[in-house]
Amino acid sequence: MASAAEGGRSFARRDQLLKIQVEVQKRWEEQDVFKAELQEKPPELEVKGANEEEENADAAQVQPDKFKSKRSKAVAKSGGDKFQWQIMQSFGLSDSEIEKFQDPYHWLSYFPPLAKEDLKAFGLGCDWRRSFITTDMNPFYDSFVRWQIRKLRSMGKIVKDMRYAIYSPLDGQPCADHDRASGEGVQPQEYTLIKMEVVPPFSSKLSALEGKRVFLAAATLRPETMYGQTNAWVLPGGKYGAFEINETDVFIITQRAALNLAYQKLSKTPEKPSYLLELTGHDLIGLPLLSPLSLNETIYALPMLTILTDKGTGIVTSVPSDSPDDYMALHDLKSKPLLREKFKVKDEWLLPFELIPIINIPEFGDKSAEKVCMDLKIKSQNDKEKLAEAKRLTYLKGFTDGTMLVGEFKGRKVQEAKPLIRSKLAEKGQAVIYSEPEKKVMSRSGDECVVALTDQWYITYGEPEWKEKSEECLSKMELFSEETRHGFEHTLSWLNQWACSRSFGLGTRIPWDEQFLVESLSDSTLYMAYYTVAHLLQNGDMYGTDTSLVKPEQMTDEVWDFIFYGAPEPKTDVPASLLNKMRQEFNYWYPFDLRVSGKDLIQNHLTFCIYNHTALLPKHHWPGGFRCNGHLMLNSEKMSKSTGNFRTLHQAIEEFSTDATRFTLADAGDGMDDANFVFETANAAILRLTKEIAWMEEILSAESSLRQGPPSTYADRVFANEINIAVRETEKHYKGFMFREALKTGFYDLQAARDEYRFSCGTGSMNRDLLWRFMDVQTQLITPICPHYAEYVWKELLKKDGFAVKSGWPIADLPDLTLKVANKYLQDSIVSMRKMLQKQVSGSKKVKKGVEVGSREENKPTSGLIFVNEQYDGWKETCLRILASKYDRESGSFKPVQEILNAVKEQTNFKEIQKECMPFLKFKKDEVLNVGPQALDLRLTFGEADVLKENLDLIKRQLGLEHVEVIMSSDDAAYSKAGPHSVILKKNPPSPGNPISIFLTL
């Protein structure tokens, strides 16, 4: 435990919370509080510890570079410690200890126990008997995954095929999302590589290539436009190379593209670019080319200044009739002789070539690029924003609405012709299929990934029938936000075959092809089911080394089928009682109600979870819900070791205590946005929690001075009602996993209600029973967030039996919403009265010089008259009745403004009231939008005068008055009581919800 004083600051309050948590955690462990056993009926979704097992799963599967937090991956990206050795040193590991991590299995033996201890210190409510390590280090889990994979294969869900996959050349295997330092979710992007043959004789720069067929290879997503080629584009200063593709063909492309091709069986030397010659874009300008489908017999390579060499091959086809970029680049060269001179472009390479109409788009005609560039007034190829807009307008329309004007497929829709043209080009050897990552992907090993054509095992996600079942499952799941649902729907729309095998690493071997392991996002898609039986297999040992109950080899496929499918009892030497117990456990706990995980896993792991459940389990065991969250910032900035803005869970607990840390995490934000852990909030939480303990101790010691008997006063009723509201609202927020909102209604708002009650009681004491209920309820509402604080209050202060975490949810009556509105009216009225009193007093102080201060004090008001009008009348009543008649409750909207005004003009003397009427109508319409149609009622839902009269003592005390009287404005003598101040009433008469106060000196 930290000392009570560090750096001159007092840490006594923090240390008080640290001491409490140690004592509470000891009691929890001694009593096995979180041991999860079968009951008479399956439990409903609990808000306390709802993520117990999921969090343990993350803890148990600590992978290299992740340590104890998924966030460390983001830290690695943010420029923190560069080398793994340095990162591990920063965790306090000695060099001799770090050396042991050369053995991959040492990671699994070293970190999970530390993660478990930190999570225990965090107060995680978890049945640790059910925790487990994945990979073949745990023979029971290894058996479980082998059963799952075999099952999928037997159903035809796993196949071996040649497919494009993101691939790490350094690792020598596909690089799945969890193996990436950057580029999660990036997929292969497929292009058509157009072979534009260089016409011999070759220039001096290319003379070394004589005797070979040399091509500028251009990557395109629009092969249907090749009929309209007028030239090819190269980047003048770009670095290119000549690479052997096979014995006869040479491609001139960038080094990056050549590396991708080498892993797609398009290099003379497999997986290694066969480099012949270094070139620049300047060397390529002016090369004559024979390009497939081009209606021009020969075209030339010309300079383009906006080519990106980190995408495609660095060679670009030019179709100025349909590409805004091409049109403007060609326009620039044709209209700027100096630009041609700069790059030594001959006129005959350029000037004879005109736009060729190849596609008709109804909205843009036969030369869509020319039209849209003129419409948008684009001046040059450097006008990037306008060109991006031009492409947005034409490319999609060209695909969906365009019609081919030339070629073999003339008259057919572009979307029909596109795949046919692509296939024809490939069949004739005029193009090859090429793929590269959509965006840059870096592996955890530090190399840039390519796309490789790999022969490996795939899970057939996206298969129509399977996809339909997964969509059905998703439609019935609780996802807590539309953003999450849209993420899953989008993933299901594009997810296709997924490479599920890799060559090395930790994991489970593919049973029928043991040279491969099951990829890390594919071996844990059903593990929630394993929790239900883990304790019965492993006997509480997370590594599965305890085989006293059952041996791993006894867990055959038939045994797993019996547990999870209810298949016939297998022939096995596993005791029947144990078999039935495991089957019973699974049926009791499944389906899971909730799994909590990061939003970055929607695009892979969590969607795989849906797919695997729908394939392997019956419908009544499909997942119930996912709650996805963002990452964590510290003090509004990304966590980064290099800047020092970084905390581990262990450090946060030491610095702030567990409950203050949990309090701050709850306050950090709800939803899928990144949460923000603020140190000021953590320190404030320490103060709040310890001050609340002190307040309760003070109240308990003063019990004899409190008012006995049942709650009876107005203040009692309001406070009791606020407690009921807190119970109902907080339950709703916890069920929605909106912890910030739960903290607001269950702690902040409840304490504000307590403080208001304390003040309202004044010289009369607070009610003892009501305060005890407040302490009970507040303790139970804060338990999911601050369980150690709650346990201390529960046992040591309230002297309750058992544990707060097991106490359940408090019972509450239905809130009296009318009483809540009435109390708000009272409090708002007091605030308004105070302002009016201050204004009246400050106005009376404007006296002549020489008047003594004492005389001013003598003139201070001592009496207040509160004028109340409980019902609208006159023209306001008429306006409200008209608004009510013009309001549609079903749609929640009013008739047109003019229709309302016409009705008002017909039924009132509009000219006389116009100045006041128009703002009144607008105010009431806005109020309806905020509070509902009751805003149009002629009276409030409670008696204003009754509320004010019942609280005269409070009003007098708050305003410092000796006498206060409530007067109905309908009383004939009402205005005369105001004396000379009656002018205020006439100028601003009271109305429902808006009493007017006059202050007098008697």
Under a 3.5 Å distance rule, please check whether [X] uses its side chain to pair with a backbone N or O of [Y] as donor and acceptor.
X	Y	value
Glu463	Glu465	yes
Asp561	Ala567	no
Arg662	Phe122	yes
Arg595	Gly625	no
Arg129	Lys35	no
Asp674	His631	yes
Gln264	Ser435	yes
Tyr164	Glu190	no
Asp161	Arg163	no

Sole residue of Phe132, Trp589, Trp128 in ring-ring contact (aromatic ring centres under 6.0 Å, His included) with Tyr531 =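 By the ring-ring contact (aromatic ring centres under 6.0 Å, His included) criterion, Tyr531 pairs with just one of Phe132, Trp589, Trp128: Phe132.
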
With Trp560, the ring-ring contact (aromatic ring centres under 6.0 Å, His included) member among Tyr141, Tyr565, Phe144, Phe586 =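 Result: among Tyr141, Tyr565, Phe144, Phe586, Phe144 is the only option passing the ring-ring contact (aromatic ring centres under 6.0 Å, His included) with Trp560.
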
Between [X] and [Y] (judged by ring centroids, cut-off 6.0 Å), do the two rings come close enough to count as a pair?
X	Y	result
Trp498	Trp457	no
His621	Phe592	no
Phe564	Trp147	yes
Phe101	Phe111	yes

Verify whether one side chain among [X] and [Y] offers a donor that lies under 3.5 Å from an acceptor in the other.
X	Y	result
Gln538	Asn138	yes
Asp171	Ser445	yes
Asp179	Ser168	no
Asp136	Tyr105	yes

inquiry  = Let's go through Leu526 and Tyr530 carefully: what are the C-alpha distance in whole Å and the side-chain angles of both, what is the deciding distance for side-chain contact (heavy atoms from CB on, under 4.5 Å) to 0.1 Å, and is it a yes or a no?
reply    = CA-CA 7 Å; Leu526 199 71; Tyr530 186 80; over 6 Å; no

Less than 4.0 angstrom from a charged side-chain N to a carboxylate O is my criterion; do [X] and [Y] meet it?
X	Y	answer
Glu478	Arg627	no
Glu448	Arg256	no
Glu97	Lys100	yes

inquiry  = On the six-membered ring of Trp512, is Arg150 placed so that its NZ or CZ lies under 6.0 angstrom from the centre and within 45° of the ring axis?
reply    =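 Ring-cation test returns no.
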
task = Compute both the distance and the angle, then confirm whether Arg647 meets the cation-pi test with Phe677: under 6.0 Å from the six-membered ring centre, within 45 degrees of the axis.
result =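 The answer is no, since Arg647 fails at least one limit relative to Phe677.
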
key: Gap between atom CZ of Phe34 and atom NZ of Lys120 - 0.5 Å precision   =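 Reported value, rounded in 0.5 Å steps: 11.5 Å.
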
query = Which pair of heavy atoms, one from Tyr543 and one from Leu108, lies closest together, and at what distance?
reply =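 Taking every non-hydrogen atom into account, OH-O, 2.7 Å.
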
request  = Any chance you could lay out the side-chain contact (heavy atoms from CB on, under 4.5 Å) test for Ile602 and Cys628, step after step, and finish with the verdict?
outcome  = CA-CA 8 Å; Ile602 292 174; Cys628 297; 3.8 Å; yes

query = Quick one: which of Gln515, Gln173, Gln456 gives a side-chain contact (heavy atoms from CB on, under 4.5 Å) with Ser501?
reply =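 Answer to the side-chain contact (heavy atoms from CB on, under 4.5 Å) test with Ser501 among Gln515, Gln173, Gln456: Gln456.
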
